[in-house]
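These notes concern the structure reproduced below.
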Amino acid sequence: MSAVNIERHGRISLIVVDNPPVNALSQTVRAGLEKYIEEAEADVECDAIIISCAGRTFIAGADIKEFGKPPLEPFLPDVVSRIEACEKPVIAAIHGTALGGGFEIALACHYRIAHATAAVGLPEVHLGLLPGASGTQRLPRLVGAGQAMAMMLSGKPVKAREALELGAIDRVADSDDLLAEATRFAEDCIKQGPRRICDMKVAETEPGVFETARKEIAGKSRGLISPELIIQCVEKATSGGFEEGLAFERERFLECMASPQSDGLRHAFFAERQVGKVPGIGKAVSSRSLESAVVIGAGTMGSGIAYACLSAGMSVTLVDNDDAGLARGVKSIENLFSGGVQRGKISEADKEDGLNRFSSSLGYGNVADADIIIEAVFENMAIKKEIFGAIDKIAKPGAILATNTSTLSIDEIAAATGRPGDVIGLHFFSPAHIMRLLEIVRGEKTADDVIVSSLELARKLGKVGVVVGNCFGFVGNRMLYCYARESQFLLLEGAAPEFIDQVLFDWGMAMGPNAVGDLAGLDVGYKARKERSDLPDDPRFYRVADMLVEMGRYGQKTGKGMYLYEAGSRKPLPDPEVAKLIRDEAKRLGVARRDISAEEIIERCVYALINEGARILDEGIARKSADIDVIWMNGYGFPRHRGGPMHFADTIGTDRVYATICEFRDRFGPLYWEPSKLLKELGTSGGKFADL
Ligand code: T1G
């Protein structure tokens with residue numbers, strides 16, 4: 001079976017694209033479309049042409065796997081133009097999602113009919129690109145400049161009915177038999193003949209629409225280039241001729257394609273799809289049942305996890321041994337449902353359905369029937385061991401016993417049970433019902449199908465699950481300790497908290513390390529450090545954070561930490577008292593203060609991440625560098641357009657990172673700056689983490 005086929009139904013020719021898994025526009029698909037459009041146009045027995053797809057979706061876009069390689073003819077813009085130039089009416093029959101180049105193919109068709117469950121969109125902005133096969137010129141001519149920009153800047157698909165109202169498609173099929181309806185629609189189109197968007201003009205644009213769009217992206221798409229270029233292309237569509245607009249779009253598309261931002265975002269796209277493939281675990285291993293859950297611990301994390309499971313359609317019992325605590329947990333879940341309804345995220349019926357699947361219990365509730373038990377109590381090994389010992393005796397055979405610990409040993413917890421194969425770490429990130437990342441921590445004895453079940457649970461919860469090994473802090477937090485360590489040292493050495501935060505924010509981090517500390521609570525890190533026996537013998541190590549905690553300055557929750565917070569505000573305000581404390585402590589510790597450049601702040605913090613990430617790969621705690629990238633982009637606000645810390649190292653060159661870390665070692669000592677073995681290997685051979 002080739003990637004594109006043609007068949008005749010009476011006087012209608014049906015071109016079918018069949019290129020699993022998502023009918024991406026690979027070279028063979030482009031060539032097949034061009035070939036069969038020409039064939040059908042020349043066929044005297046054919047009056048109209050339908051383009052449809054086999055499998056689960058209409059064309060999902062250009063083949064991203066071909067990007068970065070020399071482009072192969074026929075080029076997509078030429079195929080798109082050839083379809084529109086066809087002398088016979090061409091109808092796109094859309095099911096699933098017509099995205100990117102796929103929707104551009106549909107826009108080149110003279111008419112569009114979609115299944116009621118279909119959606120259309122131009123998500124190129126998520127890849128640091130813009131629609132490069134006429135989408136920026138055709139869509140505004142169909143739906144107007146404002147709506148076209150909204151679709152391209154959000155990248156969100158639009159469902160069939162809404163697309164019909166906008167004028168982006170002509171028909172929504174009344175039945176599931178899309179082809180039959182498309183054939184009937186084609187017969188109507190024969191009378192009308194081809195209707196080409198290139199002959200249309202963009203409707204009158206309301207004043208200020210471009211200004212509004214620029215204001216919107218200034219906030220949301222900080223530092224990205226493709227959103228501005230999308231706006232410029234749409235401006236061009238409203239002012240110039242079609243061919244001129246196509247040329248304008250092509251130039252800017254190539255500019256985006258060549259940018260490191262698009263390289264980073266494309267890496268992020270594929271990396272998030274690779275994390276679900278764990279080396280050594282084949283497709284034959286299936287997930288255990290995940291219909292019912294018991295969450296032990298009704299605190300912030302426990303109730304967030306319970307809500308996430310309820311939102312995914314599971315039955316959930318929330319358990320706690322304290323009456324008041326349990327009541328607080330139940331209340332917070334009810335509030336989360338009500339908040340979802342108020343924000344229009346869920347309906348009243350969804351809330352009712354969710355609460356009908358929810359129960360709470362002071363004892364171990366119906367642990368005996370649960371498919372998965374997730375423990376989310378204090379970070380205290382003794383308490384966790386006691387709980388796992390107890391549930392081990394009650395849980396049914398095959399139940400998954402998961403701990404939400406963020407630092408403690410999974411193996412030690414598993415050893416408290418008679419079934420270590422069923423024990424796994426599910427490290428949720430706070431807020432558990434919002435943060436996409438789920439670190440899945442495999443113990444020595446964790447069974448393969450428990451790992452597969454955990455990945456399935458992540459998918460069910462709409463999260464990105466990354467399988468990691470068992471060590472202190474696993475992957476994300478272990479690297480965070482190094483990143484924040486350097487930020488703490490920089491404070492003593494002369495960089496103000498607000499300067500460090502601003503530099504890293506401008507570089508692309510969602511939030512600076514000092515603001516993050518105040519948000520999470522400086523006491524959380526303080527407690528974790530007190531549990532450790534391997535801290536360096538260095539009085540400067542996290543000295544400022546420790547002093548603040550000992551003064552009762554935990555951060556936002558106490559109204560002050562590294563920063564001051566006015567009542568009811570979360571805006572961090574520099575505190576002269578903290579600045580004085582830092583200066584005095586630096587003097588007491590004999591730390592020389594100096595002006596520190598933005599570049600040094602970025603290198604000290606980000607290269608510390610890379611070096612620890614390389615150690616983690618060395619030790620096999622993470623199997624792929626892309627896993628580390630996914631963790632940091634989804635759990636710690638690392639800029640997606642830089643692709644994650646390891647991809648960033650590959651982008652700037654592991655040799656440059658290695659050389660700079662050697663300088664830091666010579667300047668600050670080997671205790672923190674000894675280059676990892678792997679980084680040395682790559683840095684001295686010009687290798688990349690992605691090549692491992
Ligand atoms: N190219 C190549 N492979 C793709 C692909 C694409 N466009 N989209 C998906 N895949 C692979 C994916 O890597 C995975 O592979 C498998 O398909 C299933 O994907 C000129 C330049 C369509 C909504 O951005 O949003 O057109 O892991 O796990 O959850 O203007 O895939 O199985 O080996 O995501 O059901 C614009 C990207 C491209 C759409 C399906 N299009 N794809 O979601 O499956 S740029 C996009 C998606 C462009 C033009 C421009 C989703 C999906 P593997 P999946 P899913």
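For ligands, and for the atoms within them, numbers begin at 1 and follow the listed sequence.
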Exercise for the section: Would you check whether Pro123 reaches within less than 4.0 Å of ligand 1, judged by its heavy atoms? Expected result: yes
Exercise for the section: Kindly confirm or rule out an N or O of Thr97 lying under 3.5 angstrom from an N or O of ligand 1. Expected result: no
Practice task
Before giving the answer on side chain to side chain contact (heavy atoms under 4.5 Å, CB included), spell out for Asp174 and Glu181 the whole-Å C-alpha distance, their side-chain angles and the decisive distance to 0.1 Å.
Solution key: CA-CA 8 Å; Asp174 297 326; Glu181 297 211 28; 3.7 Å; yes
Handout entry: Flag for Asp350-Ser347: side-chain donor and acceptor within less than 3.5 Å
Key = yes
Exercise for the section: Identify, by atom number and element, the atoms of ligand 1 in contact range of Leu127, meaning under 4.0 Å from any of its heavy atoms. Expected result: 24 (O), 38 (C), 45 (S)
Handout entry: Closest candidate by heavy atom, reference atom 1 (N) of ligand 1, pool Ile105, Val80, Thr136, Ile64
Key = Ile64
Completion exercise
Out of Ala60, Cys256, Pro157, the nearest non-hydrogen contact to atom 46 (C) of ligand 1 is supplied by Ala60
Handout entry: Proximal atoms of ligand 1 relative to Pro131 (non-hydrogen, under 4.0 Å)
Key = 30 (O)
Practice task
Could you tell me if any non-hydrogen atom of Glu66 lies under 4.0 Å from any atom of ligand 1?
Solution key: no
Handout entry: Between Glu439 and His427, a side-chain donor and acceptor under 3.5 Å
Key = yes
Fill in the blank from the handout: Looking only at protein heavy atoms, what sits closest to atom 7 (N) of ligand 1 is Ala62 O, 2.9 Å
Exercise for the section: Report yes if some N/O of Gly61 lies less than 3.5 Å from some N/O of ligand 1; otherwise report no. Expected result: no
Problem - Between Ser226 and Gln261: side-chain donor-acceptor atoms closer than 3.5 Å - result: no
Practice task
For Glu124, counting its heavy atoms only, list the atoms of ligand 1 lying under 4.0 Å from any of them.
Solution key: 26 (O), 30 (O), 45 (S), 48 (C), 49 (C), 50 (C)
Exercise for the section: Would you check the N or O atoms of Gly132, main chain and side chain alike, for any that come under 3.5 Å of an N or O of ligand 1? Expected result: yes
Handout entry: Under 4.0 Å to a heavy atom of Leu76 - the qualifying atoms of ligand 1, by number
Key = 20 (C)
Exercise for the section: Would you check if there is a donor-acceptor pair between the side chains of Asp627 and Gln274 at a distance under 3.5 Å? Expected result: no
Fill in the blank from the handout: When Ile616, Thr651, Asp629 are each screened for side chain to side chain contact (heavy atoms under 4.5 Å, CB included) with Met646, the one that passes is Asp629
Problem - Heavy atom of protein inside 4.0 Å of atom 43 (O) of ligand 1, strictly below - result: no
Practice task
May I ask you to check if Arg273 and Phe269 form a cation-pi contact, with NZ or CZ under 6.0 angstrom from the six-membered ring centre and within 45° of the axis?
Solution key: yes
Completion exercise
protein heavy-atom neighbour closest to atom 3 (N) of ligand 1 works out as Lys65 NZ, 3.3 Å
Practice task
Only pairs at least two apart or in different chains count here, so list each side chain to side chain donor-acceptor pair (under 3.5 Å) that has a residue in residues 454-468.
Solution key: Glu456-Arg459
Fill in the blank from the handout: closest protein heavy atom to atom 54 (P) of ligand 1 is Arg273 NE, 3.7 Å
Problem - Donor + acceptor pair across side chains of His647, Asp263 (<3.5 Å) - result: yes
Handout entry: Face-on cation placement of Arg252 at Phe248 ring, 6.0 Å and 45° thresholds
Key = yes
Practice task
Considering heavy atoms of the protein only, find what lies nearest to atom 2 (C) of ligand 1 and give residue, atom and distance to 0.1 Å.
Solution key: Asp63 OD1, 3.3 Å
Exercise for the section: Output the list of atoms in ligand 1 that are nearer than 4.0 Å to some heavy atom of Pro21, sorted by atom number. Expected result: 16 (C), 17 (O)
Problem - Proximity of Phe67 to ligand 1 by residue part, where a heavy atom lies under 4.0 Å - result: side chain
Fill in the blank from the handout: heavy-atom search around atom 25 (O) of ligand 1 in the protein gives Leu99 CD1, 4.1 Å
Problem - ligand 1 atoms in contact with Glu104 (distance to a heavy atom under 4.0 Å) - result: 20 (C), 30 (O), 49 (C)
Problem - Identity and separation of the nearest protein heavy atom to atom 18 (C) of ligand 1 - result: Arg56 NH2, 3.5 Å
Exercise for the section: Answer yes if the ring centres of Phe648 and Trp632 are under 6.0 angstrom apart, and no otherwise. Expected result: no
Fill in the blank from the handout: among protein heavy atoms, the one nearest atom 32 (O) of ligand 1 is Lys277 NZ, 4.2 Å
Problem - Distance filter under 4.0 Å to Phe270 heavy atoms, resulting ligand 1 atoms - result: 13 (O)
Handout entry: atom 47 (C) of ligand 1 - nearest protein heavy atom and its distance
Key = Phe269 CE1, 4.1 Å
Problem - Under 3.5 Å side-chain donor-acceptor pair for Ser134 and Glu104 - result: no
Handout entry: Candidate with minimal heavy-atom separation from atom 9 (C) of ligand 1, of Leu25, Leu122, Val22, Asn19
Key = Val22
Problem - Side-chain touch Val80/Ile105, heavy atoms, less than 4.5 angstrom - result: yes
Practice task
Using side-chain hydrogen bond (donor to acceptor under 3.5 Å, both in side chains) as the criterion, list what pairs up with His115, not counting sequence neighbours.
Solution key: Thr117, Asp176
Handout entry: Check: Phe58 ring centroid to His95 ring centroid under 6.0 Å
Key = no
Practice task
Examine ligand 1 and decide if any of its atoms is less than 4.0 Å from a heavy atom belonging to Met257.
Solution key: no
Handout entry: Any protein heavy atom nearer than 4.0 Å to atom 52 (C) of ligand 1
Key = no
Problem - Met151 side chain near Val158 side chain, heavy-atom distance below 4.5 Å - result: yes
Handout entry: Nitrogen or oxygen atoms of Gly101 and ligand 1 under 3.5 Å apart
Key = yes
Problem - Pair Thr238, Thr205: side-chain N/O donor-acceptor within cut-off below 3.5 Å - result: no
Practice task
Give the numbers and elements of all ligand 1 atoms closer than 4.0 Å to a heavy atom of Phe253.
Solution key: 21 (C)
